[in-house]
Amino acid sequence: MQYLQELFAQKTPYLQWLEQQEAELDRQYGQMPEEKRTVPGKRIHRLPFSSCTDSIENDADISEETVCLFVKEGGTLSDYAEIMVSEVFSQNNEAVLVYADEDYKGSLETLYGITDDTFAGIGYPCGSTADYRGAPWFKPDFSPDTLASFFYVGSIFAVRGDVVRRILAAHHGRDGEPLSIYELVYDIFMEALRDKRNSVVHIPKVLYTNDNLGSADKTEHADKIRTSNASAQSGDLVSVIIPSKDNAKVLEKCLSSLIKYTRYPNYEIIVVDNGSTSAQKMCITGVIDALQKEKAGLSIQYLYREMAFNFSAMCNIGAQAANGAYLLFLNDDIEVMENEGTMWLEHMMRYAGKSHVGAVGAKLYYPPDKKDGGCYKIQHAGITNMGIGPAHKLGGMADEGCLYHGHNTQTYDMLAVTAACMLIRRCVFDAAGGFDPSFPVAYNDVELCFSLYQKGYFNVQVNDAVLIHHESLSRGQDTSPEKVQRLAKDKRRLYERYPELRAKDPFYSPNLVQWKKDAAYHTGYLYACDTVAKPQCPCDTDSGAVFQKYGFRNRLYQKWTAAGKLYDRLTGYRMLMANIDSIEEDDGIVTINGWFVRRSQDNAKGTAKIWLINGGDGAGKSIVYSFGILPKLREDVAGLFAQDGNGSLRSATKNAALSGIQLRFQKDKLQSGNYQIGIVTDKKQLLCAAYPDKTPVSIKIP
């Protein structure tokens, strides 16, 4: 029973999060007296609507003493929605519009992929008529460009009655058509953008449940709003600044595709080279000469400066030489696409010219992989400032369908966008001081975007602009220990400069995952295995005694691949099997991920612990830290062992779905040393982690 309860909880993280929220709301508002449940001197007037394009009629019940609560038909309002909305208006005299988060109703199968009645015995039957809540829509804070793209305020929002009456009166006779709900909200957002941005308030609580799960993938928009939002194309000169070194072939592909497939007519190109070899320099100049001969009137500057790699400094050098009113920073490994690419710069220019917009980014694809059927996977669709730091959203996901309410299809305000393709007005760039050369490799684009945000600008991710990014061809990936340490140091400096933005992003809900990389906008519910664990007090023991007592009958492999399976076949059927998938460190937190299975046994029974074993101090002593293994859902592992056993000598392995290992601990809580990873069972069996070549897997604590 306990195993089923935990398994159900791990399959339904949003239901666990929701239970916490509802309990919190019950404590806060359940006993509130009736007289405190409304704005003093005002009353709540509910206005049902079916679509954001519905018209608003003059209503005698809408007065200056009214708060109009718009509630979409086909859903259920939370018992505390009116209380919480009233509370915002009573505590914030500048509040004009308030909106909240929402979720959807459906079956366990449609919401969580549970297709049988495994959990019926604990009160969760799986039937098409059983209603559960899921698919939460955790919305961003005030986002004017997102609203111009689609009606993201959704199914529940409230507006002061006097504002509704004023906008209705101002709109009367404007174009002979009645005022729509979308236009009302859009006008309020534009007023807030000009005057008081805190007049639009987002409540990060789920206060509405939609009955129509099928509508979750639909984004409501209005051509009238999009037309009014589109800025006129000025045709101003755009200076395309491309840092590059020793990369002639890649640069040639970038320049050729840019010139061939870009329709925007008025641009110049500036290549900034920080010291290519003589041979590469000759190739680059040859490429530039050929392209200029091929296209009459094309301007390409080639700035050669021998210097250490510093992306920020190179971009600033290009900006100083630029003649354009707009600056487009472009990596030399960007490729413009033949069909999608023709209008990419026009799409970005529609936003870059707006007075409230800072930096504008494009959607970037990884090159198509034949192994994946040639589909395009997203490399970048904006940068989110999570608890672990800046992260590219939707990274690695196929660009198919509507990903988390249009984050791959709609224009979104973002805290930051990547400088791999970043467009910005020259005057805004100069006022911000350009890129900071003290961030030569990483976080230079994030630092600039943070600076722009603090100055009141909105950075915009334009997903209609699509390019291919052959990521890090020129300088490689940041995987070496030195590069990882540099990255961590730069991140610390970033937040020392912007402490108020540590683990905060107004365009990314605090209810979403914060502490680990996440591309799919998952609910940020923390299970016991997600929290930072405290080790039991270290115990000194004879290193020989540790291994003699528990032995090496079994070995825990990192990456149970073909080599691990071969070892299994050669040594016979192993009763204990485990695998270390990854060991990562971020801001001093070490995370170990993997799995542990007792074969031909019921894995709901028995206990095990993770040991970190220091090899000894030369005097025969070892330091052993002990951590409990807490349940972690690993359905892939359960599938791996689903057919384990042949029905004669071996019984099937049971209840392996919670066999995951996830251990998070603070590195500075351990004494320095080189620690080997082991799993010790309640039957005094020890598995020590090793690679298939029997090299121990270890963690170094400096």
Side-chain angles (χ1 to χ4, degrees), residues 140-146 193-194 197-198 238-239 241 243 272 309-320 322 324-331 348-349 351-362 380-393 411-462 486-508:
D141 291 347
F142 177 60
S143 303
D145 301 289
T146 307
L193 184 60
R194 291 190 297 268
R197 296 180 181 183
N198 61 350
V238 177
S239 297
I241 299 167
V272 182
F309 177 81
N310 188 313
F311 180 85
S312 297
M314 294 169 73
C315 287
N316 291 341
I317 289 171
Q320 291 169 2
Y326 292 83
L327 306 176
L328 176 71
F329 299 98
L330 198 69
N331 277 19
M348 298 178 75
M349 284 288 285
Y351 290 89
K354 294 180 180 295
S355 61
H356 69 277
V357 171
V360 177
H380 170 85
I383 295 174
T384 292
N385 189 40
M386 305 172 69
I388 60 168
H392 287 202
K393 297 312 297 180
T411 294
Y412 265 87
D413 289 302
M414 286 275 174
L415 189 55
V417 296
T418 179
C421 181
M422 175 191 287
L423 180 65
I424 186 172
R425 278 177 290 153
R426 172 66 176 267
C427 60
V428 173
F429 182 79
D430 289 343
F435 288 101
D436 186 345
S438 71
F439 290 89
V441 179
Y443 300 123
N444 32 55
D445 45 9
V446 177
E447 193 282 328
L448 175 60
C449 288
F450 280 10
S451 174
L452 293 170
Y453 172 75
Q454 285 201 334
K455 289 176 171 58
Y457 292 102
F458 285 82
N459 303 306
V460 180
Q461 171 66 24
V462 179
R486 183 201 66 216
L487 198 66
K489 180 180 178 181
D490 286 345
K491 185 164 66 173
R492 285 195 297 271
R493 290 197 302 114
L494 178 70
Y495 290 122
E496 286 170 0
R497 183 172 298 183
Y498 301 97
E500 65 283 359
L501 290 177
R502 183 184 294 273
K504 180 181 178 183
D505 187 332
F507 310 108
Y508 181 77

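Predicted model only: the values in this text are computed from it and were never measured.
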Visitor: Strictly by modelled atom types, are N385 and Y495 linked by a side-chain donor-acceptor pair under 3.5 Å?
Guide: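 Yes - a donor-acceptor pair under 3.5 Å links their side chains.
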Visitor: Check the pair F439, D445 against side-chain contact (heavy atoms from CB on, under 4.5 Å), reporting the backbone distance first and the verdict last.
Guide: CA-CA 9 Å; F439 290 89; D445 45 9; over 6 Å; no
Visitor: With sequence neighbours left out, what residues match A322 under side chain to side chain contact (heavy atoms under 4.5 Å, CB included)?
Guide: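 Result, side chain to side chain contact (heavy atoms under 4.5 Å, CB included) vs A322: S239, E268, I270, L327, R426.
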Visitor: Let's go through T384 and F507 carefully: what are the C-alpha distance in whole Å and the side-chain angles of both, what is the deciding distance for side-chain contact (heavy atoms from CB on, under 4.5 Å) to 0.1 Å, and is it a yes or a no?
Guide: CA-CA 8 Å; T384 292; F507 310 108; over 6 Å; no
Visitor: Tell me, with the steps shown, if F435 and M314 meet side-chain contact (heavy atoms from CB on, under 4.5 Å).
Guide: CA-CA 9 Å; F435 288 101; M314 294 169 73; over 6 Å; no
Visitor: Can you see which heavy atom on S355 is nearest to which on Y457, and at what distance?
Guide: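 Smallest heavy-atom distance, with atoms named: O-CE2, 3.6 Å.
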Visitor: Who are the salt bridge (Lys or Arg N to Asp or Glu O under 4.0 Å) partners of R497, not counting sequence neighbours?
Guide: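 Per chain and number, R497 pairs via salt bridge (Lys or Arg N to Asp or Glu O under 4.0 Å) with D436, E447.
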Visitor: Kindly compute the distance separating CE (M386) from CG (D505), expressed to the nearest 0.5 Å.
Guide: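 Rounded to the nearest 0.5 Å, the CE-CG separation comes to 10.0 Å.
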Visitor: What is the minimum heavy-atom distance between A352 and V357, and which atoms define it?
Guide: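 So the minimum-distance heavy-atom pair works out to CA-CG1, 4.4 Å.
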Visitor: Just wondering, do L415 and F450 contact through their side chains at under 4.5 Å, heavy atoms?
Guide: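 Sidechains of L415 and F450: in contact.
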Visitor: Kindly indicate whether the side chain of M422, heavy atoms from C-beta on, has any atom under 4.5 Å from the side chain of L448.
Guide: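 M422 reaches L448 side chain to side chain.
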Visitor: What are the two closest heavy atoms between L452 and A359, and how far apart are they?
Guide: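 Closest approach of L452 to A359, heavy atoms only: CD1-N, 3.8 Å.
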Visitor: Please answer whether the main-chain N or O of I388 pairs with a side-chain N or O of K491 as donor and acceptor at a distance below 3.5 Å.
Guide: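 Side chain of K491 to backbone of I388: a pair is present.
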Visitor: Is the backbone of C449 close enough, under 3.5 Å, to the side chain of N459 for a donor and an acceptor to pair up by distance?
Guide: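 At least one qualifying donor-acceptor pair exists.
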Visitor: Return the CG to CZ distance between N444 and F329, rounded to the nearest 0.5 Å.
Guide: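 If we round to the nearest 0.5 Å, N444:CG and F329:CZ are 10.5 Å apart.
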Visitor: Of all heavy-atom pairs between H356 and R425, which one has the smallest distance, and what is that distance?
Guide: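 Shortest heavy-atom contact: N-NH2, 4.5 Å.
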Visitor: Grab the two heavy atoms, one from V428 and one from G358, that are nearest each other, plus how far apart they are.
Guide: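 Answer, listing the atom of V428 first, then G358: CG1-CA, 4.4 Å.
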Visitor: Let me confirm one number: the CE-SG distance from M348 to C421, rounded to the nearest 0.5 Å.
Guide: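 Here the interatomic distance stands at 4.0 Å.
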Visitor: Can you name the nearest heavy-atom pair linking K455 to A431, along with the distance?
Guide: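 Looks like CE-O, 3.9 Å.
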Visitor: Could you tell me if the ring centre of Y498 sits under 6.0 Å from that of Y453?
Guide: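 Centroid separation for Y498 and Y453: 6.0 Å or greater.
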Visitor: Where do M414 and I383 land on the side-chain contact (heavy atoms from CB on, under 4.5 Å) test, with the steps shown first?
Guide: CA-CA 7 Å; M414 286 275 174; I383 295 174; over 6 Å; no
Visitor: Checking the side chain of Q461 only, and the main-chain atoms of D413 only, is there a donor and an acceptor separated by less than 3.5 Å?
Guide: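 Checking the backbone N and O of D413 against the side chain of Q461, no donor-acceptor pair under 3.5 Å is found.
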Visitor: Report yes or no: does S143 contribute a side-chain atom to a donor-acceptor pair with the main-chain N or O of D141 at less than 3.5 Å?
Guide: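 Answer holds: yes.
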Visitor: Decide yes or no for Y508 and K393: does some side-chain heavy atom of the first lie under 4.5 Å from some side-chain heavy atom of the second?
Guide: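 A side-chain contact exists here, since the closest heavy-atom pair is under 4.5 Å.
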Visitor: Any chance you could measure F429, atom CZ, to N316, atom CG, to the nearest 0.5 Å?
Guide: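 So the gap between those two atoms works out to 4.5 Å.
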Visitor: For the CG atom of L193 and the CZ atom of F142, what is their distance to the nearest 0.5 Å?
Guide: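 CZ of F142 is found 5.0 Å from CG of L193.
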